[in-house]
Amino acid sequence: MRKVLLPTIIIIAASLLLIRIFYLQIIDDSFKLKSENNAIKKVYDYPERGYIYDRNGKLLVANQASYDIMVIPRDIKKDLNIPEFCALLNITEEEYHKRIEKAKVYSPRLPSVFLSQLNKNEFAAFQEKIRKYDGFYFQKRSLRDYEVDYGANIFGFITQVNEKQIEKNPYYNSGDLIGKQGVEQSYEEILRGIKGVKYIQKDKYNREIGPYKEGKYDTIAVAGEDINLTIDAELQKYGEELMINKRGGIVAIEPKSGEILALVTAPSYDPGILVGRQRSKNYTLLYHDSIAKPLYDRGLLAEYPPGSPFKILTGLVALQEGVVNEQTTFMCHHGFSYGGGRFMKCHGFGPHQLHNGIYNSCNTYFGQAYMLTINKYKDPGHAVDVWSSHIKSFGLGQFMGYDLPIGKRGNIPTSKTYKRIYPNGGWRSSTIVSNAIGQGEVLMTPIQLANMMATVANQGYYYTPHIIKKIEGEKIDEKFTTKHVTTIDQKYFPPVISGLFDVYNKGTAYALRVEGIDICGKTGTAENFAKINGKRTQLKDHSIFVAFAPKDNPKIAIAVMIENGGFGATVAGPIASLMIEKYLRKKITRTDLEVRVLNKSLLSEYAKVGGISDALKIESVPKDSVLQAKIIKPKAPAAVTATKAEVKKTAVDTTKKN
């Protein structure tokens with residue numbers, strides 16, 4: 001039996017191997033298609049990307065036809081008239097040789113992109129003579145056609161895949177397009193669709209003789225799915241207009257859903273400039289602008305000290321920890337002394353409780369409340385961790401989980417923070433009291449500030465901010481419909497909200513009221529330092545404002561951060577009031593605020609650090625030739641005497657980030 005077993009196993013194994021080889025070589029031809037088979041040519045059919053709409057169904061991003069010139073280096077004839085070929089495509093001979101060498105590195109036998117994104121006019125001349133140039137053929141694609149000139153940071157853009165992306169995902173081939181940044185990147189697999197492929201048989205003379213196996217293995221392209229964003233297009237547009245000649249971010253959220261209504265960063269750019277043959281040139285200009293940083297989304301990436309809006313959380317934590325109540329009173333003498341003769345300044349005076357402490361933005365009240373919170377526990381390290389846990393329950397100090405590919409954590413300090421800063425110990429509540437007023441080690445992004453206000457508006461809960469509202473034929477991720485509850489009891493929110501309401505009625509935002517709209521808000525001013533000639537220099541403060549409205553059943557929560565803007569009520573506050581009225585009423589009655597904001601320029605402040613760049617504005621030309629672009633220097637906006645419609649949208653020069 002043993003003598004028979006081994007030969008039997010060998011015979012069975014050999015038989016199975018022979019059967020498999022026969023199947024693969026004779027019956028199944030699919031492996032031929034996966035190899036570099038010179039007799040079979042792959043032709044891809046690229047689907048249209050899904051359209052992008054705003055929350056109200058307004059079309060924001062569509063598609064337009066374009067053409068790529070493809071090349072198979074091995075098939076190029078030696079007698080190719082290179083000067084004529086280059087003149088036809090408006091490229092230099094040097095560019096020609098560089099592109100051919102790049103194609104050879106990828107593969108001498110496989111097609112790769114020689115020249116991408118030609119429009120109809122550019123392609124027409126080449127199409128007439130394409131038969132003269134063996135080794136070259138064209139590939140039709142669809143490129144983005146932006147219906148609006150705003151929202152670039154939201155959309156992102158389309159670019160060619162690189163080698164790493166090809167290695168990581170076999171779906172992509174050299175020359176394929178992929179979404180980068182914004183929703184184009186976040187929802188790439190949904191928007192891109194599925195490309196089709198046709199296999200063409202060639203004879204020994206390299207001539208096409210028809211479909212391989214009568215099209216048995218051909219597939220049809222499947223168009224990408226359309227998506228609706230949570231963005232209100234008109235609100236987004238208005239926000240970008242208000243930010244002309246300013247630097248910072250605006251984020252607006254619908255509290256009851258977490259839907260992002262506006263995501264403004266300034267300076268920004270027209271998304272249409274990153275389409276077509278000028279895309280690379282324009283992107284390089286944007287990328288290397290280290291002063292204005294138009295590709296830097298300040299709404300998601302910029303981390304700032306939140307200033308006085310953070311007092312809202314200081315008060316809530318103190319209430320939750322039971323160290324103060326609504327009647328607890330602290331005397332303010334334009335500030336208070338603490339920690340061995342140190343003094344925290346304040347513009348207030350007299351007795352302050354929670355209510356007037358909020359609407360007068362009293363540093364004394366919140367500084368004392370914070371110190372009582374820390375001093376409640378014997379160990380200041382444990383106390384800071386308790387405080388930090390409460391703050392982080394508002395989604396702060398961590399990545400928020402929204403559906404955009406970029407973001408920053410911000411910073412909410414813990415005991416580890418201070419053990420690192422003070423390795424020998426000796427720190428206490430008075431050492432870190434600046435946290436109480438949103439300075440110290442506390443950092444937040446504008447979207448975190450907006451989410452904080454949405455949480456306060458909801459009296460203790462929030463939904464993860466997100467920008468997707470609807471995907472055709474699919475459900476959105478359930479994490480965006482999951483409620484997050486803070487560690488603060490609901491009963492402590494109403495007295496804080498009452499104080500925020502009176503910020504507009506008799507406090508620091510009294511001049512920013514909008515008749516008929518009950519707005520709850522908080523002004524903020526954060527200190528701003530930068531290194532100039534190697535020295536730490538204090539510059540004009542950042543202007544901050546957070547708000548939600550209406551007071552009952554809130555529809556919008558907003559955070560506005562203006563770099564070097566000064567007091568919160570000077571620039572950020574008016575912008576918040578205008579954005580709220582624009583969203584709730586679709587019109588503006590506070591035209592005085594509108595004129596003030598549109599005419600406000602902070603370029604002189606930004607010039608104090610590093611100077612002002614030439615700030616080229618890259619402007620798209622008319623839609624019929626949208627793939628071409630020109631670059632012009634911006635003109636300063638004219639004074640506003642009537643409506644915002646008379647103000648031209650202008651690129652902004654700003655300084656390096658402090």
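The residues of the chain are indexed from 1 along the displayed sequence. As a basis for the values below, the full set of heavy atoms in this structure was taken, side chains included, without hydrogen atoms, waters or symmetry mates. Predicted model only: the values in this text are computed from it and were never measured.
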Q.
Angle between ring planes, F493 versus F394, binned at 30° and 60°: parallel, tilted or perpendicular?
A. tilted
Ring of Y171, cation from R192 - is the NZ or CZ under 6.0 Å from the centre and inside 45° of the axis? yes
Worksheet item: Do NZ/NE/NH1/NH2 and the carboxylate oxygens of K469 and E259 come within less than 4.0 Å?
Response: yes
Tell me whether K586 at atom NZ has more than 12 heavy atoms from other residues, nucleotides or ligands lying less than 6.0 Å away. yes
Are H484 and Y462 an aromatic pair, judged by ring center distance below 6.0 Å?
yes
Q) Within the distance-only criterion (no hydrogens, no angle test), does the side chain of S429 pair as donor or acceptor with the backbone N or O of N375 below 3.5 angstrom? A) no
Checking K256 side chain against I556 main chain: does a donor-acceptor pair fall under 3.5 Å?
no
Could you check whether the rings of Y53 and Y51 sit parallel, tilted or perpendicular, using 30° and 60° as the cut-offs? tilted
**Item:** Within-4.5 Å side-chain heavy-atom neighbours: I468 and N228
**Value:** no
If we ignore hydrogens and angles and just use 3.5 Å, is the side chain of N325 paired with the main-chain N or O of Q327 as donor and acceptor? yes
- Message: Taking the side chain as everything from C-beta on, heavy atoms only, tell me whether H466 gets closer than 4.5 Å to D477.
- Response: no
Checklist entry - Judged by atom type as modelled, is there a donor-acceptor pair below 3.5 Å linking the side chain of N458 to the main-chain atoms of T455? => result no
Using only atom types and a distance under 3.5 Å, with no angle test, would you say the side chain of Y146 pairs donor to acceptor with the backbone of Y150? no
Between S498 (side chain) and P494 (backbone), is there a donor-acceptor pair under 3.5 Å?
no
What I'd like to find out is whether the side chain of I260 reaches to under 4.5 Å of the side chain of I447, using heavy atoms alone.
yes
Q.
Is there a side-chain contact between L229 and R55 in this structure, where contact means two heavy atoms from C-beta onward sitting under 4.5 Å apart?
A. no
Check your understanding: Does a sphere of radius 6.0 Å around CD in Q398 hold more than 12 heavy atoms from other residues, nucleotides or ligands, not counting ones at 6.0 Å or beyond?
Key -> yes
Those residues at least two apart in sequence (or on a different chain) that pass salt bridge (Lys or Arg N to Asp or Glu O under 4.0 Å) with D297 are none
Relative to the ring of W387, is the ring of Y370 parallel (under 30°), tilted (30 to 60°) or perpendicular (over 60°)?
perpendicular
Here the pair of heavy atoms bringing K58 nearest to A233 is CD-CB, 3.6 Å
Using a 3.5 Å distance criterion without hydrogens, assess whether the side chain of E581 forms a donor-acceptor pair with backbone atoms of L578. no
Here the pair of heavy atoms bringing G565 nearest to V571 is O-CG2, 3.6 Å
Q. Does atom OH of Y377 have more than 12 heavy-atom neighbours from other groups under 6.0 Å away?
A. yes
All heavy atoms of P309 vs all of T523, minimum pair found to be CD-O, 3.6 Å
**Prompt:** Within 45 degrees of the axis of the six-membered ring of F157 and under 6.0 Å from its centre: does K180 put its NZ or CZ there?
**Reply:** no
To the nearest 0.5 Å, atom OG1 of T314 lies from atom CZ of F310 at 5.5 Å
ask   = If you draw a 6.0 Å radius around NZ in K392, do more than 12 non-hydrogen atoms from other residues or ligands fall strictly inside?
value = yes
Determine whether a donor-acceptor pair (N or O, by modelled atom type, separation under 3.5 Å) exists between the side chain of H542 and the backbone of N564. yes
- Query: In terms of side-chain geometry, is the basic nitrogen of R49 or E188 positioned less than 4.0 Å from the acidic oxygen of its partner?
  - Reply: yes
message: Quick check with a 6.0 Å cut-off and a 45 degree axis cone: is K483 positioned over the face of Y461's six-membered ring?
response: yes
Between G299 and V251, the two heavy atoms sitting closest are O-CG2, 4.0 Å
Rounded to the nearest 0.5 Å, the CD atom of Q353 sits from the CD atom of E326 at a distance of 9.0 Å
By salt bridge (Lys or Arg N to Asp or Glu O under 4.0 Å), D592 pairs with (sequence neighbours left out) R590
Contacts of D54 meeting side-chain hydrogen bond (donor to acceptor under 3.5 Å, both in side chains) (sequence neighbours excluded), chain-then-number -> none
Review point. Side chain of Q490, backbone of G460: donor and acceptor closer than 3.5 Å?
Key: no
Is atom NZ of K479 surrounded by more than 12 heavy atoms (other residues, nucleotides or ligands) closer than 6.0 Å?
yes
Taking the basic N atoms (NZ, or NE/NH1/NH2) and the acidic carboxylate oxygens, is any pair closer than 4.0 Å for E563 and K540? no
Can H352 and Y365 be said to form a ring pair (Phe, Tyr, Trp, His ring centres under 6.0 Å), step by step? CA-CA 6 Å; H352 278 81; Y365 179 87; 7.9 Å; no
